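Just so it is clear, the values below take in all heavy atoms, side chains as well, and ignore hydrogens, waters and symmetry mates. Residues: numbered from 1 along the sequence shown. Given the structure is predicted, the values throughout are model-derived calculations rather than measurements. Whatever order the structure lists them in is the order used to number ligands and atoms, beginning at 1.
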Amino acid sequence: MAPIKIDIDAEQTEFEKEVASTEDWWKTPRQADIKSTENCRIAEYRKEEYASSRQALKLWNQMQEHLGNGTYELTFGATDPIVIAEMAKYQQVRTHECGSHWGPLDQIDKVQTVYVSGYHCGFTQVLEPGMDQADYPWDTIPKVVEKIHRSQMWNDRRQHQIRMSKSKEERAKMLAYDYLAPIIADADMGFGGLTSTVKMAKLFVESGVAMIHVDDLASGMKRFTTGQGRTIVPTSEYIGRLTAVRMQFDIMGAETMLLMRTDLIKAQFMTSVIDPRDHEYIIGATTAVEPLTAVLAKAMEVGELSLKDLVRVGDDWEKTAGLMTFDEAVKAQATEEQYKAYEASIVFPTALSKRREAAKKALGKDIFFDWELPRSREGQYRYKWTMKGITERCLAVAPLGDLTWPRMDFPDLAITGEIHAALRAKYPRRLFCFGYTNTYDWAGAGFSEADVKDFPSKMAKQGAIFQIQPTWCVQGIRHYADESAKMFREEGMAGYVRDIQKPALAVGRSGLEDLGAYLTDAFFETIGARDGIS
Ligand SMILES: C[C@](O)(C(=O)O)[C@H](CC(=O)O)C(=O)O
């Protein structure tokens with residue numbers, strides 16, 4: 001291929017125009033709360049028009065409305081286009097007669113969006129299924145989002161074709177649905193190195209996603225049956241992941257939204273102590289015991305130990321190690337005045353080395369504290385989650401994205417209230433997410449049915465205007481599939497006609513029009529292909 005001739009001055013003028021337009025874009029209301037990366041000088045910068053931007057603006061506007069009205073979006077996890085098409089029937093009713101005008105605000109109800117769960121995709125959308133370890137290829141969920149978005153666009157076209165084949169009088173009697181619900185997808189921890197995070201962010205924009213969430217979990221270190229569930233990465237690594245996404249969205253000029261999730265709540269481990277912002281929360285031994293790994297190695301010499309056996313050996317070791325944070329170790333040995341003097345001399349973020357110096361100065365002696373001794377066989381450091389630690393981390397990354405999600409698998413308005421208030425003290429328009437789990441025992445925790453009904457609106461009043469039940473796509477589908485399989489086994493077609501076909505046809509859900517029978521035939525009419533019969 002022969003090189004092209006470039007007018008250097010014209011090229012420079014065009015690039016400066018692009019830079020100027022990016023800086024103007026960053027001043028729009030949608031972008032105003034975001035600290036974009038100063039990357040628009042990156043030569044790769046090319047602002048394109050993306051469906052992702054259209055859908056992100058739609059989602060952002062929905063959120064502004066919820067923020068203004070004290071309402072909230074509550075949706076559930078799904079990946080099947082048929083499920084997602086049915087979800088659209090519980091969204092605004094749009095009448096084509098008034099263009100793309102949405103139904104009145106009071107018609108905005110829940111289920112205005114679609115959530116794509118990593119937990120679900122890691123089992124159903126991959127060649128090799130598995131538990132929610134986010135160990136599947138990083139392009140798995142972007143491809144699922146693209147499939148969903150294409151099906152939404154197809155349904156929108158199909159619906160338009162049917163409607164415009166009818167008279168105005170007939171159309172006035174027909175319901176129309178907004179199939180183009182914004183899609184929010186689980187981007188897990190960004191999938192390893194920062195370049196894979198950048199590529200994943202690019203693929204998500206090109207897939208039509210409206211928003212993704214990225215968390216601070218360590219890759220592949222979740223444990224599900226031993227109670228040692230969550231390992232997180234240092235604050236610096238978390239910031240790196242989110243900055244990689246922010247940079248890629250900025251390079252593309254995409255309006256795509258970023259939901260920043262932290263799994264600090266109930267986290268027990270951290271992969272590294274490289275960031276002094278985390279030192280306050282790292283747990284160490286305060287007695288000169290053998291390293292835990294040496295004790296575990298000895299225990300394993302006597303024979304095969306299960307994970308739970310190893311946890312038990314670890315629990316026994318803990319009783320001798322005096323595990324606590326450095327501040328707790330100082331407090332245990334200081335007088336009230338000495339501890340006050342110690343606290344007054346440390347400012348955030350204070351590395352352990354500085355804390356040791358401050359303690360020696362305040363107490364006149366060294367404090368024995370060794371965070372290496374409790375390290376696990378995978379090298380994890382012990383971590384103590386605190387409200388202060390969560391708030392610090394959420395504040396550190398807030399300007400990089402749109403919403404904050406301090407993930408917790410138990411509904412506690414006191415915890416979310418404190419964290420959300422701390423964020424809003426600095427970022428008054430901060431929006432939040434809350435996710436529900438499929439196993440929480442609401443009744444056992446004292447919630448009445450009325451409490452459960454009211455919980456989402458109470459959470460919304462704290463700013464969590466985006467709420468998800470991500471695992472309906474596993475628990476819900478299993479439940480209905482189980483019922484259907486049982487019905488087929490026990491009653492065959494009689495059960496199918498009674499329980500599925502009759503109620504479905506009663507509301508016109510034959511499946512034909514939903515799968516495009518009219519549109520396909522319209523192709524034949526247009527192409528003029530005749531098979532000699534029709
Ligand atoms: C939201 C989530 O990331 C998902 O993959 O759906 C999971 C869901 C769950 O485990 O309940 C999560 O919250 O980690």
Which of the numbered atoms in ligand 1 are below 4.0 angstrom from a heavy atom of S117? 4 (C), 5 (O), 6 (O)
N/O to N/O below 3.5 Å, does that happen between I468 and ligand 1? no
Show your working on ring pair (Phe, Tyr, Trp, His ring centres under 6.0 Å) between Y436 and F434 and close with a plain yes or no. CA-CA 7 Å; Y436 298 90; F434 186 80; 4.9 Å; yes
Which word best sums up how the rings of Y115 and H213 line up, parallel for under 30°, tilted for 30 to 60°, or perpendicular for over 60°? parallel
Y436: heavy atom below 4.0 Å from ligand 1, yes or no? no
Under 3.5 Å: N/O of W405 near N/O of ligand 1: no
When you check the gap from the basic side-chain N to the acidic O, do E483 and R478 get nearer than 4.0 Å? no
Pick one of side chain, backbone, both or neither for how F123 approaches ligand 1, counting any non-hydrogen atom pair under 4.0 Å. neither
Sidechain N-carboxylate O distance under 4.0 Å for D263, R261: yes
Presence of salt bridge, R241 and D216, under 4.0 angstrom: no
Does D402 come within less than 4.0 Å of R30, counting only side-chain N to carboxylate O? yes
Tell me, please: is R261 in heavy-atom contact with ligand 1, that is, under 4.0 Å? yes
Salt-bridged, K388 to E280, with N to O below 4.0 Å? yes
Within 4.0 Å of some non-hydrogen atom of P470, the atoms of ligand 1 are 1 (C), 6 (O), 8 (C)
Short list, please: which atoms of ligand 1 are under 4.0 Å from a heavy atom of T471? 8 (C), 9 (C), 11 (O)
What is the nearest protein non-hydrogen atom to atom 1 (C) of ligand 1, stated with its residue, atom name and distance? Y115 OH, 3.4 Å
Given R230, R407, M131, which has its nearest heavy atom closest to atom 12 (C) of ligand 1? R407
Mind checking whether D132 contacts ligand 1 via backbone (N, CA, C, O), side chain (CB onward), both or neither, at a 4.0 Å heavy-atom cut-off? side chain
Parallel, tilted or perpendicular: which fits the ring planes of H279 and W371, with parallel below 30° and perpendicular above 60°? perpendicular
Would you mind checking which non-hydrogen protein atom is closest to atom 5 (O) of ligand 1, with the distance to 0.1 Å? Y119 N, 2.7 Å
